[in-house]
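Before any comments, here is the structure.
Source: prediction; values computed, not measured. Below, chains carry the letters A, B, ... as their sequence lines are ordered, and counting in each starts from 1.
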Amino acid sequence: MGVTDAVVNAGGEVHAYGRHGDRPWRIGIRDPRGPGVIAYVDIVGEESVVTSGDYEHYFEYQGRRYCHIIDPRTGYPAEGVRSVTVIHPSAGVGEAACKAFFLAKPKEWALLRQHMSVEQVMMIDDEGVVHLTPALAKRLHFVLQPPPKIVIEGTDPVHPAEVR
Amino acid sequence: MMRWSGAIKLRIADAAVLLLVLVWVAASYAFFWGNGGTPEGLIIESPAGRQEIRDLTRKQIIGIAGRLGESRIEIREGQARFIESPCRGKLCIHAGWLTQAGDVAACLPNGIVIALQGADHRYDSINY
C-alpha cells in the first residue's frame with residue numbers, strides 16, 4: 001500500500017513501522033494494576049510490542065484471580081504473573097512468546113529466549129517486581145511513580161534510575 | 001530576643017509555605033504529566049468520517065451508520081462500549097467497556113472503530 005510510517009493497535013497489541021516524522025514512535029506499556037503507563041519504549045523501524053496479562057480477561061472468586069491463560073501442565077489458570085511484554089519484529093512470535101514466558105520460571109528464560117529467538121522480555125510478577133532481559137532493560141523507560149523494583153536477568157535487583 | 005524569636009517564626013512559616021508549594025508542584029506534576037490513564041474523549045471512526053465526543057460523563061447512546069447498518073455505542077461515566085452492531089461475530093460487543101485512555105474496540109465488518117483518548121499525549125499508542 002506504500003505506507004512506510006504507521007502504528008497499528010489491534011486491541012492493545014501494537015505494531016509499528018518507520019517513525020513519527022523526525023522522532024521515533026513512542027509506545028506506552030500499561031501498568032497491569034494501575035490506570036496508567038508503567039513504562040514506554042521508543043521504536044524506529046518495524047517492531048511489535050505485545051503483552052499478555054491477567055488484567056483484561058479474568059474473574060475473581062473468593063479473593064483469588066483466575067485469568068484467561070491456562071497452564072497446560074496443570075489445566076488451571078496461570079498464577080504468579082501479572083503481565084509479560086515481548087518486543088519482537090514479528091507480532092505472531094511476540095504473542096506466542098508472551099504466553100510461553102507467562103508460564104515459564106525465570107530460571108527457564110535463557111533456554112526459552114534461545115529456543116524462540118526472543119531477546120526483549122519484561123515480566124511483572126504478582127508482587128509487582130519487574131523482571132527484564134538485558135536487551136529490553138537497555139531501552140525501556142519507566143514512568144511509574146513510585147518506581148517498581150527491577151530485576152535484570154543475570155544481575156542483582158536495581159533501582160530504575162540505574163537501568164539506563 | 002523578640003526579633004530573634006520573630007525571625008525563627010518567619011523561617012518556620014517560610015518552610016511551611018515552601019513545603020506547601022513543593023507538595024502542590026508535585027501533585028500538579030502527577031496530575032498533568034503523571035501516568036495519565038484517565039480518558040478525556042472518545043474518537044469514533046466510521047465510513048462517514050471521524051468524530052470526537054468530549055463529554056463522557058453524560059449517559060448517552062449514539063447510533064453510528066456503518067457499512068452493514070447501524071452500530072450503537074453507549075457512553076457513561078467516562079467509559080464507552082458497543083451495545084449493538086449488525087455484524088455476525090459480535091466481537092465488538094464482547095470487547096466490553098473501554099475504560100482507559102488508549103482502549104480501542106472495533107467492528108471491522110461494519111467499519112467502525114471507537115477509541116478512548118487520554119489527556120496524556122506523550123504516547124503514540126498504548127500497549128496492554
Tyr123(B) ring centre to Arg26(A) NZ or CZ under 6.0 Å, with the angle to the axis within 45°?
no
Check against side chain to side chain donor-acceptor pair (under 3.5 Å), His15(A) and Ser48(A)
CA-CA 4 Å; His15(A) 192 80; Ser48(A) 285; 2.3 Å; yes
At a 4.5 Å cut-off on heavy atoms, which part of Thr85(A) comes close to chain B: side chain, backbone, both, or neither?
side chain
Would you mind telling me which of Val104(B), Asp103(B), Val113(B) has the largest number of heavy-atom pairs within less than 4.5 Å of chain A?
Asp103(B)
Compile the donor-acceptor pairs under 3.5 Å between side chains in residues 85-96 of chain B and protein atoms, sequence neighbours left out, one pair per line.
unit_1	atom_1	unit_2	atom_2	d
Ser85(B)	OG	Ser71(B)	OG	2.6
Lys90(B)	NZ	Ser85(B)	O	2.3
Lys90(B)	NZ	Cys87(B)	O	3.0

When you measure from the side chain of Asp125(A) to the backbone of Val129(A), do you find a donor-acceptor pair of N or O atoms at a distance under 3.5 Å?
yes
Tell me, for Val41(A) versus chain B, whether the close heavy atoms (under 4.5 Å) come from the side chain, the backbone, both or neither.
neither
What part of Val14(A) lies closer than 4.5 angstrom to a heavy atom of chain B: side chain, backbone, both or neither?
both
